[in-house]
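The next block holds one structure in the form of structure tokens; read it before the comments.
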Amino acid sequence: MSNAPFLDFTRPVSFLAPMQDITDSGFMQIVDKRGSPDFFIAEYFRIHEFFELDSHVLDSVLWSPDRVCAQFIGEDETFISRAIDELKKYPQIKMLDLNLGCPAPKVYKKNVGGGLLRDHKKIASIMRVMRSKWEGCFSVKMRTGFDSDTNFAETFKVVLDGSPDFISLHARTVKQLYKGTPNYDKIAEAVSLSNVPVIANGDIVSALRADEVVRKTGCAGVMVGRHAVRNPWIFRQIADKFSGRDVFVPTHSDVRKYVDDLLANIQSQNLRFPDSRLKKFLNFVGASIDPNGDFLFKMRRAKGIDELLKVCDEFMLENSNAEKPFRQEPYEGVCSRPNCEL
């Protein structure tokens, strides 16, 4: 019997996906006030011989522990067991997730995250320890395979045998990173095989896409990552769509206020180069600002916060842009990264 915290929901559930160096507690609160997802998954705790519960990540989980799921990444059962003991010192934390999906090469080369998808015995062993030690909600975040999804059903069964309460599935392989079209057929296959809820992840670009994926696959809900950075209203829009309401459409003026909130969160961290940090977020936002990528071109070349904000004002407030509707999906061909890898 699943212990997922959304079993009594009458509509599909929504999650903010964890994103390294993005989804801190400040960013979660920025998204929360624009129409919160039902749940968040925090950045992962790295579990190794000399691990500690990183205070930055712990603050994110403790910000709203009924809605924020803690996450582990690691491959040593002894250290994972010890880490669970440490996490239990915070009884307000109700949810714990195992990362089997991180596609970063520096991660999977250590046989953690998505790298573990190559080792079914290790997955089974880790999940046995976590399930036996953790009494709260236990979930797994995974991909359809490492370099191929040919053996997806076999891998998925190994995960199911570990008795998770729900599974979030990114519909790409690890080697695909964020490139190419997600294979939502694998989400549907997972739903057909599973006795616990399956959450769909991968290019949930809009409320319309969320609705299409739920209808096509029968999944219990959706998880949104990069597109929530681009459009922090996406969870409000998804809730509107699932509930049959008119979907809220923010304006470019609303986006400019979002930029101010991002900057305030960045400045609170006393970073050495706050403009570089802000550009990390604006790379995503810019994909919905103009169809030619002019905002991204100017933004990437701006030097310092003042110049960066002037570019934002030009495209978000000036020349009748303030009341312009903010596009729900990214413009075709406008890349969120200079090298177009995302």
Side-chain angles (χ1 to χ4, degrees), residues 1-7 12-13 15 17-18 39 41 44 69 71-75 77 80 95-104 107-108 111-132 134 137-204 210 213-225:
M1 177 67 70
S2 172
N3 189 34
F6 49 84
L7 294 180
V13 69
F15 280 80
F39 299 96
I41 296 187
Y44 52 65
C69 181
Q71 182 188 184
F72 281 2
I73 192 167
E75 49 81 35
E77 295 89 342
I80 289 172
M95 298 180 284
L96 177 59
D97 184 79
L98 171 64
N99 186 314
L100 296 180
C102 182
V107 171
Y108 73 64
N111 201 41
V112 298
L116 281 170
L117 294 176
R118 298 170 294 187
D119 191 340
H120 289 179
K121 289 184 178 179
K122 177 60 76 170
I123 291 173
S125 179
I126 291 171
M127 291 190 68
R128 269 196 305 273
V129 169
M130 294 186 71
R131 181 73 282 179
S132 66
W134 185 256
C137 177
F138 171 47
S139 62
V140 172
K141 184 165 69 66
M142 64 181 292
R143 289 193 170 224
T144 58
F146 182 73
D147 52 9
S148 169
D149 60 15
T150 303
N151 297 320
F152 169 70
E154 180 184 350
T155 304
F156 192 73
K157 184 178 185 304
V158 171
V159 173
L160 280 178
D161 287 345
S163 300
D165 293 301
F166 70 91
I167 298 168
S168 53
L169 176 62
H170 188 125
R172 291 185 176 96
T173 66
V174 171
K175 282 296 192 74
Q176 280 184 278
L177 297 173
Y178 300 96
K179 302 174 184 177
T181 303
N183 186 356
Y184 296 125
D185 288 342
K186 290 299 177 183
I187 304 288
E189 182 179 352
V191 171
S192 71
L193 294 171
S194 184
N195 58 353
V196 298
V198 175
I199 307 300
N201 184 213
D203 280 9
I204 306 297
V213 170
V214 169
R215 290 177 183 274
K216 177 180 179 179
T217 68
C219 64
V222 294
M223 180 176 289
V224 186

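Note: hydrogens, waters and symmetry copies are ignored here, and every other heavy atom, side chains too, is used. These figures come from a predicted structure and were not determined experimentally. For this chain, numbers begin at 1 and follow the sequence in order.
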For [X] versus [Y], what's the shortest heavy-atom pair and its separation?
X: F166; Y: P5; value: CE2-CD, 4.4 Å
X: R143; Y: L177; value: NH1-O, 2.6 Å
X: P12; Y: V214; value: CG-CG1, 3.8 Å
X: S2; Y: L7; value: O-CD1, 3.3 Å
X: P197; Y: F6; value: CB-CE1, 3.7 Å
X: F152; Y: A190; value: CZ-CB, 3.8 Å

Heavy-atom distance under 4.5 Å between the side chains of [X] and [Y], does that happen here?
X: H170; Y: P103; result: no
X: M142; Y: F156; result: yes
X: I204; Y: M223; result: no
X: L169; Y: I199; result: no
X: I123; Y: V140; result: no
X: D165; Y: R131; result: yes
X: T155; Y: H120; result: yes
X: V107; Y: Y44; result: yes

Find the distance between [atom1] ([X]) and [atom2] ([Y]) and round it off to the nearest 0.5 Å.
X: N201; Y: I187; atom1: CG; atom2: CD1; value: 7.5 Å
X: L117; Y: N151; atom1: CG; atom2: CG; value: 11.5 Å
X: K175; Y: S148; atom1: NZ; atom2: OG; value: 11.5 Å
X: N3; Y: F138; atom1: CG; atom2: CZ; value: 12.5 Å
X: K186; Y: T144; atom1: NZ; atom2: OG1; value: 7.5 Å
X: I167; Y: L160; atom1: CD1; atom2: CG; value: 4.5 Å

Donor-acceptor contact below 3.5 Å, side chain [X] vs main chain [Y]:
X: T173; Y: D147; result: no
X: N99; Y: I73; result: no
X: R172; Y: G180; result: yes

- [ ] Flag the pair E154 and K157 as a salt bridge only when some basic side-chain nitrogen lies within less than 4.0 angstrom of an acidic carboxylate oxygen.
- [x]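 Between K157 and E154 there is no salt bridge, as every charged N stays at least 4.0 Å from the carboxylate O atoms.
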
- [ ] Taking only Lys NZ, Arg NE, NH1 and NH2, and the carboxylate oxygens of Asp or Glu, determine whether D161 and R128 approach each other closer than 4.0 Å.
- [x]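 Between R128 and D161 there is no salt bridge, as every charged N stays at least 4.0 Å from the carboxylate O atoms.
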
Open item on the list: D185: which residues meet the salt bridge (charged side-chain N to carboxylate O under 4.0 Å, His left out) condition with it, sequence neighbours left out?
Closed with: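 Once residues adjacent in sequence are excluded, the partners of D185 under the salt bridge (charged side-chain N to carboxylate O under 4.0 Å, His left out) criterion are K216.
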
Task: All ring-ring contact (aromatic ring centres under 6.0 Å, His included) counterparts of F39, not counting sequence neighbours - done: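 F39 satisfies ring-ring contact (aromatic ring centres under 6.0 Å, His included) with F15 only.
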
Open item on the list: Side chains of S139 and D97 only: does a donor on one sit below 3.5 Å from an acceptor on the other?
Closed with: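 Yes, a side-chain donor-acceptor pair sits under 3.5 Å.
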
Task: Summary of salt bridge (charged side-chain N to carboxylate O under 4.0 Å, His left out) pairs that have at least one residue in residues 116-127, sequence neighbours excluded - done: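 The answer is E77-K122.
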
Open item on the list: Looking at Y184, I'd like to know if the NZ or CZ of R215 sits under 6.0 Å from its six-membered ring centre while staying within 45 degrees of the ring's axis.
Closed with: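 The answer is no, since R215 fails at least one limit relative to Y184.
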
